[in-house]
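Keep in mind that what you see is a predicted model, and the values were worked out from it rather than measured. Each chain gets a letter, A, B and so on, in the order the sequences are listed, and its residues count up from 1.
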Number of protein chains: 2
Amino acid sequence: MASHGVRGRSGGRPTLEEVAARAGVGRGTVSRVINGSPRVSDATRAAVEAAVAELGYVPNTAARALAANRTDAIALVVPEPETRFFAEPYFSDMLRGVGAALSDTEMQLLLIFAGSDRERQRLAQYLAAHRVDGVLLVSVHADDPLPDMLSQLEIPAVISGPRSAAETLTSVDSDNYGGARQAVEHLIGRGRRTIAHITGRLDVYGAQRRVDGYRDALREAGHEVDELLIEPGDFSEGEGRRAMEALLERRPDLDAVFAASDVTAAGARHALREAGRRIPDDVALVGYDDSAIARHMDPPLTSVRQPIEEMGRRMIDLLLAEVADRRPPASRELGRSQVVLATELVERASS
Amino acid sequence: MASHGVRGRSGGRPTLEEVAARAGVGRGTVSRVINGSPRVSDATRAAVEAAVAELGYVPNTAARALAANRTDAIALVVPEPETRFFAEPYFSDMLRGVGAALSDTEMQLLLIFAGSDRERQRLAQYLAAHRVDGVLLVSVHADDPLPDMLSQLEIPAVISGPRSAAETLTSVDSDNYGGARQAVEHLIGRGRRTIAHITGRLDVYGAQRRVDGYRDALREAGHEVDELLIEPGDFSEGEGRRAMEALLERRPDLDAVFAASDVTAAGARHALREAGRRIPDDVALVGYDDSAIARHMDPPLTSVRQPIEEMGRRMIDLLLAEVADRRPPASRELGRSQVVLATELVERASS
DNA sequence: AGGTACTGTGGGAGCGCTCCCACAAGTGAT
DNA sequence: ATCACTTGTGGGAGCGCTCCCACAGTACCT
């Protein structure tokens, strides 16, 4: 435990100045040591570090933020209501990945929901006040004004799941198209003939790409695409159930379903059960995300794994690079990166 | 959209000073308006508000924090690894309640995990730097040094789930003892005779209280308490399963189980299924928390509801009061509040 | 001997607020 | 008219840092 040592005023924490006095150096030198500048002699550095340890000095973040015009914090913005966030493992997995990537850093992570108009309002204020150095945007809808607002405010931002093929922000995504193809090719390989698809929210680009992958995989295998086998959902369990019921009504002969998320698949499973269909005997089921749900489902769910942890890490890397680039405001428009990571099919008992 | 108006230097956001100039008043007056001081005439207030709107002024948080020595942020500290946090609905429900209570405020919420030693280290730094005005502590173990650290640093804190009957920090909790009694009395009322209990982590005070409630309810109904019917768990699904298997081995004649959490009950359900016991025909099952899991379980789970949203709200109220009290450092030790909220049994098909 | 270039260091200025003291103007009792 | 308050306002000082300029010291060329 660090001794608390001498204090300028009672109750206050030690300041840079006090550390400087203790170490017999100037304020600037202490600042250099704290910030890891190389332009300090070894002897001086040691003396300062000793003083820091003796006094139990911790830099005052507010003062630093004010003087340096940075906050050492980034926000993870989720443009969905809280309820949705906690219901979908995708978000919490992402948060975990981001958190892990960030724990090597001095950066602080803020979690911000922007589901309601009210929350949007607060967020706008928040961003306008530049309370964060950068923003991570997760699962954005096609018509969301948030990305443009960020561009306008010149706040570094990375988006997970681009809004379109022409995304202007730096983005990180998994290969939704390829993942969907893997799923459908797998089902075809198992001899399934009538493969339905319950989509995600179609105003999310990734959901569209999964539909594209579904279509192309069928076509290339010589199947024709029956639009009656495609039912729009919204990634939720309730919609998965509803969509499954609709599909069973329209095409009672279907023998496989590719759901756009594990949660959707869970909903579909309920509907299949109630309709008396056995999984996988009567109907094979494949999900997307390979979340905890997939492993715990009965039967365990075959699912397309996205490397979410890796995605989080890449997002952080890119964002921090943009934040760092900011300081010399030279090179802008140097080609936004669009990172796409491969998916992997995890086969389980449901297919 | 607010016009951006005149700027002191290019690129900068407007400052208090600029607003003051625009409104034709002094800096102090603008500050008073921004902070809602009553000591401003209506005319002046209107003029300032107009200037604020025209310039799109947003206060600089860092400057405010530095000058006023407060951060307008509080932390929700979870002394568990992230994985556990996301696995247990209790935490996310709590977070939702706290978030809702906070959205009426200017306060910012930080979510901090302190599961690993590394995270602990960071947290200590964080607190030492006084980067938050107050702390919400969730699910603390009996021997956790965190609360004492907070007292030492004189950081206002509210704890959800006191560490013992003699908790020194302000606390908010549900009536664990009463909730457990409700559950057991319900089972007795349904004619169950051999009621087992899978506990939570016994180093959590609330888990102990549930055991106490279980015991007393049985005794008062004239049953004797068989220690073989009590199996310690840790709130997790895996332990629920393991504990259930152990109980079935020891007392194959049991006809009811009271689990210390819904997640635990889910684990127990698996074990019961594999052992070929029907719910509720052979064995009745009651959980705790009334989380989403309880509603979705098959069959739906009878569970003890804690008013988590309300708990979050009360915690915030108490914490903000402490934060406000802090400024005049007069009245300390004025009797920490210990709030206890009532639980409610939600009956479903599992019992 | 004088230049030129670096390295390491000290400390002034300033970031944008809040706090508080000073003071003008108004109000009412003496 | 005088004093004693109250109300509203302006602006200096200062919060604890970072940034940057100045400068001493050393080293290595001419």
Return the CG to CZ distance between A/D173 and A/R314, rounded to the nearest 0.5 Å. 12.5 Å

Between D/dC17 (P) and A/E17 (CD): distance, integer Å: 9 Å

Of the listed nucleotides (C/dG10, D/dC17, C/dT18), which one gets closest to any side-chain atom of B/A68? C/dT18

For the CG atom of B/L320 and the CD1 atom of B/I74, what is their distance to the nearest 0.5 Å? 6.0 Å

Whole angstrom is fine here: how far is it from CZ in B/R45 over to P in D/dG8? 9 Å

Quiz item: B/R39 side-chain donor-acceptor pair to D/dT9 base, under 3.5 Å: no

Separation of C/dC19 atom P from B/R70 atom CZ, nearest Å, is 6 Å

Measuring to OP1 and OP2 of C/dC15, would you say a side-chain N or O of B/N60 lies under 4.0 angstrom away? no

Strictly below 4.0 Å: does A/S31 bring a side-chain N or O up to OP1 or OP2 of D/dC17? no

C/dT9 phosphate, OP1 or OP2, under 4.0 Å from A/S41 side-chain N/O: yes

Return yes if some donor-acceptor pair links the side-chain N/O of B/R118 with the main-chain N/O of A/S103 below 3.5 Å, else return no. yes

Spacing of CD belonging to B/E119 relative to CZ belonging to B/F113, to within rounding of 0.5 Å: 8.0 Å

Is there a donor-acceptor pair under 3.5 Å between the side chain of A/S151 and the backbone N or O of A/P147? yes

Strictly by modelled atom types, are A/H130 and A/E154 linked by a side-chain donor-acceptor pair under 3.5 Å? no

Measure the distance from NE2 on B/H130 to P on D/dC15 and round it to the nearest whole Å. 17 Å

Result for 5'-nearest mapping on DNA chain C, choosing between B/G28 and A/T44, is A/T44

Rounded distance in Å - CG (B/D42) to C1' (D/dG8): 12 Å

Is the shortest side-chain N to carboxylate O distance from A/D104 to A/R313 below 4.0 Å? yes

Using only modelled atom types and a 3.5 angstrom limit, is any donor from either the side chain of A/R32 or the base of C/dG10 paired with an acceptor on the other? yes

Would you say the base of D/dG12 and the side-chain of B/R27 have a donor-acceptor pair closer than 3.5 Å? yes

Measure from CG on B/N69 to C1' on C/dG16 and round the result to the nearest Å. 16 Å

Carboxylate-amine/guanidinium proximity below 4.0 Å for A/R122 and A/D117: no

How long is the line joining CG of A/L55 and P of D/dG16, in whole Å? 14 Å

With a 4.0 Å heavy-atom cut-off, tell me which residues in residues 121-129 of chain A come close to DNA chain C, sorted by residue number. none

Rounded to the Å, how far apart are B/L66 CG and C/dC19 C1'? 13 Å

Taking for B/P38 and for B/A67 the nucleotide of DNA chain D with the nearest heavy atom, the one nearer the 5' end belongs to B/P38

Side chain of A/Y57, heavy atoms from C-beta onward: which of C/dG16, D/dC17, D/dT9 has the nearest atom to it? D/dC17

According to a strict under-4.0 Å criterion, is A/R64 in side-chain N/O contact with OP1 or OP2 of D/dT18? yes

According to a strict under-4.0 Å criterion, is A/N35 in side-chain N/O contact with OP1 or OP2 of D/dT18? yes

